[in-house]
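Accompanying notes for the structure given below.
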Amino acid sequence: MLIFLRLVMVLVFLVCSSSCSENAKIAGENAMVKSKPISSKPMFKELWQQVSVTFQNFEGGFYGLVTAKGEKLLPMNLPEKYKVVGTILRVKGQPIKGMETIQQWGTPFKLTDIELVTMGAGQLPTH
């Protein structure tokens with residue numbers, strides 16, 4: 001009787017361990033099927049948009065861009081020569097995800113292309 005019980009226990013153990021390894025194998029195959037290669041292409045499609053240069057006189061003062069739709073962009077790399085209030089530019093670029101700024105105004109934005117439409121009549125930067 002004792003031998004019979006041991007034999008049953010060994011058989012149960014073998015059945016359970018083989019089904020567990022099959023489940024692990026299937027799960028591993030599913031994980032491999034579901035994973036996708038990481039693309040080096042930007043997730044944001046860069047389009048030309050017309051913007052107006054503004055100066056915000058708070059948090060130390062900074063230049064911002066306002067799109068024709070009223071969106072506020074906080075350029076991280078606006079060249080000094082375009083830091084003139086009222087300047088109209090055509091720009092391409094990408095929002096910078098996960099970046100926090102002290103300005104708390106607009107979306108941080110990296111400019112990739114800039115075209116001057118009209119130079120503003122505001123004062124040139126002195127800093």
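Thr67 meets the side-chain hydrogen bond (donor to acceptor under 3.5 Å, both in side chains) test with no other residue; sequence neighbours excluded. Legend: residues meeting ring-ring contact (aromatic ring centres under 6.0 Å, His included) with Phe62, ordered by chain and number and at least two apart, are Phe58, Trp105. The side-chain hydrogen bond (donor to acceptor under 3.5 Å, both in side chains) search around Gln56 returns Thr54, not counting sequence neighbours. Listed by chain and number, the residues in a side chain to side chain contact (heavy atoms under 4.5 Å, CB included) with Asn77 are Lys110, Leu111 (sequence neighbours excluded).
Met76 pairs in a side-chain contact (heavy atoms from CB on, under 4.5 Å) with only one of the listed residues (Leu73, Leu74, Leu78), which is Leu74.
Between Val53 and Leu89, some side-chain heavy-atom pair lies under the 4.5 Å cut-off. Between Gln50 and Ile88 the shortest side-chain heavy-atom distance falls below 4.5 Å. At least one side-chain heavy atom of Ile114 sits under 4.5 Å from a side-chain heavy atom of Pro79.
Apart from Ile102 itself, the hydrophobic cluster it occupies contains nothing, where clustering links Ile, Leu, Val, Met, Phe, Trp and Tyr at side-chain heavy-atom distances under 4.5 Å.
Within the structure, no pair that satisfies the salt bridge (charged side-chain N to carboxylate O under 4.0 Å, His left out) test touches residues 47-75, not counting sequence neighbours.
Between the side chain of Thr87 and the backbone N or O of Gly120 there is at least one donor-acceptor pair closer than 3.5 Å.
Hydrophobic clustering (ILVMFWY, side-chain heavy atoms < 4.5 Å, transitive): Met119 and Val51 are in one cluster.
Atom CE of Met99 sits about 7.5 Å away from atom OG1 of Thr101, to the nearest 0.5 Å.
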